[in-house]
*Asks:* 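Submitted below is the structure of interest, expressed as structure tokens.
Numbering of ligands and ligand atoms starts at 1, following listing order. Just so you know, these numbers use all the heavy atoms, side chains as well, and skip hydrogens, waters and symmetry mates.
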Amino acid sequence: MGSDAAAGPDISARNATLCTACGLCCDGSLFEAVRVDAVEIAPLEQLGLAIERGDEPRFNQPCTKLVDRCCSIYAARPRICRNFACALLKRLHKGDVTLDQARGVVATAQTLRARVAEATPPARGIAASLAAAPDQDWVAIVDPAMRLAAARRHLDQMVLRDYLATHFRLPGDKPGAGGGEP
Ligand code: SF4
Ligand code: SF4
């Protein structure tokens, strides 16, 4: 999503460099859904987003408008996407991490994410997979090879969840809560 609101050219460039290599806040890794304002429903539907109506209108992630880790409706993306910046991006803005360090964090997260996605393809997204009861049934598996494989899947999930929480989540973010309010 990558906020660029009120950002100067330098910050915008760093956003673009980091976020276009990432996309974790759009691909279902961090959030299961994105809330939208009522006035945004019709324009977003015209752009092809499937909005779930209700008290809290939203669309599900992985977002169908994410193409090659970039937002294909960037100029018309909803308010919550426009305003969102993950913890890592905020640290970059503050100068707590360099761009190279932040890119390293994103690269590691992508590697961990790929491992989880490969082993247990999530029906909707990684966040949904991680929010569901973790695969702890491995303890009771009798076959040693199957038990080991299940234990590794469980460990990979735990490592990814911890890594995302440590580097990307903001206080108050909850997996599956739908869209990170800044
Ligand atoms: S609309 Fe764009 S910024 Fe928002 S979740 Fe989808 S791809 Fe990301
Ligand atoms: S998770 Fe953070 S670094 Fe990655 S695209 Fe979103 S705002 Fe940018």
*Asks:* Could you tell me whether Glu40 and Arg77 have a side-chain N and a carboxylate O separated by less than 4.0 Å?
*Replies:* no
*Asks:* Closer than 3.5 angstrom, by distance alone: can the side chain of Gln110 be matched with the main-chain N or O of Cys22 as a donor-acceptor pair?
*Replies:* yes
*Asks:* Report the distance from atom CG of Leu112 to atom CD1 of Ile126, rounding to the nearest 0.5 Å.
*Replies:* 10.5 Å
*Asks:* Quick check on contacts: which atoms of ligand 2 are under 4.0 angstrom from a heavy atom of Leu18?
*Replies:* 3 (S)
*Asks:* Just to be sure I'm reading this right: ignoring hydrogens, which of Cys86, Ala85, Cys70 gets closest to atom 2 (Fe) of ligand 2? Compare them by their nearest heavy atoms.
*Replies:* Cys86
*Asks:* Do any of the N/O/S atoms of Cys25, backbone or side chain, fall under 2.8 Å from atom 2 (Fe) of ligand 2?
*Replies:* no
*Asks:* Checking Arg91 side chain against Asp96 main chain: does a donor-acceptor pair fall under 3.5 Å?
*Replies:* no
*Asks:* Take atom CG in Asp143; do more than 12 heavy atoms of anything else shown fall under 6.0 Å from it?
*Replies:* yes
*Asks:* Under 2.8 Å from atom 6 (Fe) of ligand 1, protein N/O/S atom count?
*Replies:* 1
*Asks:* Regarding Ser29 and Asp27, is there a side-chain donor-to-acceptor distance under 3.5 Å anywhere?
*Replies:* yes
*Asks:* Before we go on, tell me: are the rings of Phe168 and Phe31 under 6.0 Å apart, centre to centre?
*Replies:* no
*Asks:* Inspect the surroundings of CZ in Arg147 and state if more than 12 heavy atoms from other residues, nucleotides or ligands are less than 6.0 Å away.
*Replies:* yes
*Asks:* What atoms of ligand 2 come closer than 4.0 angstrom to any heavy atom of Cys22?
*Replies:* 1 (S), 3 (S), 4 (Fe), 5 (S)
